[in-house]
2 protein chains.
Amino acid sequence: MGITERKEREKAEMRRRIVDAAIDMFVAEGYEKVSIRNIADKIEYSPATIYLYYKDKDELLYDVQAEAFGKLAAYFKAKITAADPLERVEQLALAYFDFSQEYQELYDLMFIIKAPMNSVEEDEEWKNGLEAFSYLRDIMTECVEKKLVRFEDPMTATLSVWAFVHGFISLNLRCRIKIAQLDVLALPAFVRSCVQHYVNTIKA
Amino acid sequence: MGITERKEREKAEMRRRIVDAAIDMFVAEGYEKVSIRNIADKIEYSPATIYLYYKDKDELLYDVQAEAFGKLAAYFKAKITAADPLERVEQLALAYFDFSQEYQELYDLMFIIKAPMNSVEEDEEWKNGLEAFSYLRDIMTECVEKKLVRFEDPMTATLSVWAFVHGFISLNLRCRIKIAQLDVLALPAFVRSCVQHYVNTIKA
DNA sequence: AAATATACTGAACAGTGTTTATTTTATCCA
DNA sequence: TGGATAAAATAAACACTGTTCAGTATATTT
C-alpha cells in the first residue's frame with residue numbers, strides 16, 4: 001500500500017510548507033504579520049486549507065516554535081566549545097543572549113508570548129524547549145556536583161541562570177529597561193557585562 | 001469663566017471612568033476581555049466615544065498601566081519596612097514577586113506585553129515605572145555605596161536584581177518553567193527560595 | 001464509466017481597532 | 001426666550017482577525 005504512505009508524506013510536506021512560510025514571516029516581518037490569511041497567501045492556498053492541517057493557530061505556532069528551538073540548539077552546539085564547566089556556563093549564557101538579539105521575533109514566540117503554550121495541555125509536558133533546556137541543566141548540574149558554584153541544588157542553579165538572562169532580554173525586548181535611561185547603543189554590551197558579572201558572582 | 005474649568009473636569013472624569021472600567025476588567029477577567037467595545041459597554045457609552053478621550057488603545061492602556069504602577073508603589077510602601085539595606089532588598093524582591101502573583105494580569109500590562117510602550121516615543125522617557133524603579137535603585141545604590149553587595153556599579157546592581165526576579169516571574173507566567181517539571185503547587189515557594197538565595201549570593 | 005473518498009475553497013460569522021458622517025445635546029448671543 | 005453656534009455622542013462602516021461550513025473540484029476505487 002504505497003499510496004497511503006505517499007499521502008502521509010504529502011500531508012507532512014504541506015505542514016512543512018505552512019511552518020516554513022510562517023517562520024519566514026516571523027523572522028522577516030515580525031509577529032504581527034503572521035496571520036493565517038498572510039500565511040495562506042504566501043503558500044498560495046486558501047486560509048481554510050490551513051485548518052485541514054492544523055486545528056488552530058496555536059497548534060501551528062507550536063510547530064513554528066519547535067523549529068525555532070532547533071535553531072537555538074544549533075546555536076548552542078556551535079558556540080559552547082569549552083571543556084571547563086564554568087566557561088561553558090558563560091558561553092551558554094552569552095550564546096542565549098546573542099540568539100535573542102539575532103532572532104528577536106523568534107525569541108518572542110519561544111519565551112515571551114502566551115500563544116503557543118495554550119496548545120500544551122495542563123498535565124502534558126512541553127517538549128519544544130527540552131533540548132535547549134537540557135544543555136543548560138546538564139552544565140549546571142555538573143557545576144553543582146563539582147562544587148564550582150554557590151548552589152547546592154542543580155534545579156535552583158539551572159533556573160536561576162536562565163531567569164537572570166531571560167529577565168534582561170525580555171525587559172529589553174519590551175522596552176521596560178528604558179526606565180534606566182541608559183544609552184540604547186551601549187545596551188547590548190551592558191547586558192553582556194551584567195551576564196558576565198552574574199556568572200562570576202555564582203562561582204564558588 | 002467657570003465653564004471651561006468644568007469642561008476640563010468633566011473630561012478628566014470621563015477619562016477616569018474609562019481607565020477604571022479598563023483596570024477592573026483587567027483584574028477581574030484578564031487581558032483578553034479588555035476590548036474597546038467591552039469597555040464602552042461597561043461605562044454605557046458607544047465605542048467611538050472612547051476615541052474622543054484617547055487617540056488609540058495604546059494611549060488608554062498607558063493610563064491603565066500608570067494606575068497599575070500606583071498599586072505596585074503602594075505595595076512597596078507597605079511591605080518594605082526594614083532599615084537595613086540588605087533586608088530591604090529582600091523585602092522588595094519578595095514584594096515584587098507577591099505583587100506579580102496577586103495581580104498577574106496587571107503585571108502583564110506593566111512588564112510583559114508590548115502594547116502600552118508603543119505610545120512612548122523613541123526618545124521620550126517612560127514615566128509610569130519611575131516611582132517603583134526608584135525604590136529599587138535607591139536601595140541598591142545604598143548597598144553599593146556601603147559595600148554591602150558584590151557590585152561596583154549601582155546600575156548593574158539595580159538591573160541585575162530586577163532582571164533576576166522578573167525573569168522567574170515571566171517564565172512562570174508564560175508557562176515556560178513547565179520544562180523543569182516541578183510541582184506546580186510548590187512553584188511559588190520554590191521561586192521565593194530562589195530569590196532569597198540570589199539575595200544571599202550578592203551579599204559582599 | 002460511475003461511485004466514492006479526499007482535497008480544497010468561497011463565503012460567511014463573530015470578533016477586533018478605528019474613522020467618518022450624522023444626530024443629539026449644550027452653550028452663546030441677539 | 002429663540003435661533004445660531006459649538007461640543008459631545010453615536011450609528012454605521014472599513015479593514016482586519018481566527019474560524020467554520022456548505023459546496024466544488026480532484027483522486028481513487030469499484
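Basis for what follows: all heavy atoms, side chains included, without hydrogens, waters or symmetry-related copies. All chains are named by letter (A, B, ...) in the order of the sequence lines, taking the proteins before the strands, and each is independently numbered beginning at 1.
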task: Decide if atom NZ of A/Lys42 counts as having more than 12 heavy atoms of other residues, nucleotides or ligands within a radius under 6.0 Å.
output: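 Yes.
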Separation of atom [atom1] in [X] from atom [atom2] in [N], rounded to whole Å:
X	N	atom1	atom2	result
B/Tyr51	C/dT20	OH	P	13 Å
B/Asp41	D/dA11	CG	P	11 Å
B/Lys33	C/dG17	NZ	P	13 Å
A/Tyr53	D/dG18	OH	C1'	19 Å
A/Glu44	C/dG10	CD	P	13 Å
A/Arg37	D/dT19	CZ	P	11 Å
A/Ile50	D/dT20	CD1	C1'	14 Å
B/Leu52	C/dT18	CG	P	14 Å

message: Among C/dT9, C/dT18, D/dA11, which nucleotide has an atom closest to any side-chain atom of A/Ala48?
response: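 From the listed options, C/dT9 comes nearest.
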query: Among the nucleotides C/dA7, D/dG18, C/dG17, which one has an atom lying closest to any side-chain atom of A/Ile36?
result: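 Nearest nucleotide to the side chain: D/dG18.
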task: Would you name the heavy atoms of A/Asn128 and A/Tyr62 that are closest together and state the gap between them?
output: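 Reported closest heavy-atom pair: ND2-O, 3.0 Å.
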message: Treating B/Arg15 as the side-chain partner and B/Tyr53 as the backbone partner, does any N or O pair qualify as donor plus acceptor under 3.5 Å?
response: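 Checking the backbone N and O of B/Tyr53 against the side chain of B/Arg15, a donor-acceptor pair under 3.5 Å is found.
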message: Quick one: does any side-chain atom of B/Lys178 pair with a main-chain N or O of A/Val120 as donor and acceptor, under 3.5 Å?
response: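 Not at all, since once roles are kept as given, no pair shorter than 3.5 Å links the two residues.
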task: Select from A/Tyr45 and B/Glu10 the residue whose nearest nucleotide in DNA chain C is closer to the 5' end of that strand.
output: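 Residue closer to the 5' terminus by nearest nucleotide: A/Tyr45.
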message: Pick the closest DNA chain C nucleotide for A/Ser46 and for B/Glu32 by heavy atoms, then say which residue is nearer the 5' end.
response: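 The residue closer to the strand's 5' end, by nearest nucleotide, is A/Ser46.
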- prompt: Counting any heavy atom closer than 4.0 Å, what does A/Thr49 reach on the DNA or RNA strands: base, sugar-phosphate only, or nothing?
  reply: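 Base contact - A/Thr49 has a heavy atom under 4.0 Å of at least one base atom.
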- prompt: Checking all strands, does A/Asn38 fall into the base, sugar-phosphate, or nothing category for heavy-atom contacts under 4.0 angstrom?
  reply: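 Contact class for A/Asn38: sugar-phosphate only.
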message: Students often mix this up, so state it plainly: with edges at 30° and 60°, are the rings of A/Tyr103 and A/Tyr75 parallel, tilted or perpendicular?
response: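 Judged by the thresholds at 30° and 60°, the geometry between A/Tyr103 and A/Tyr75 is perpendicular.
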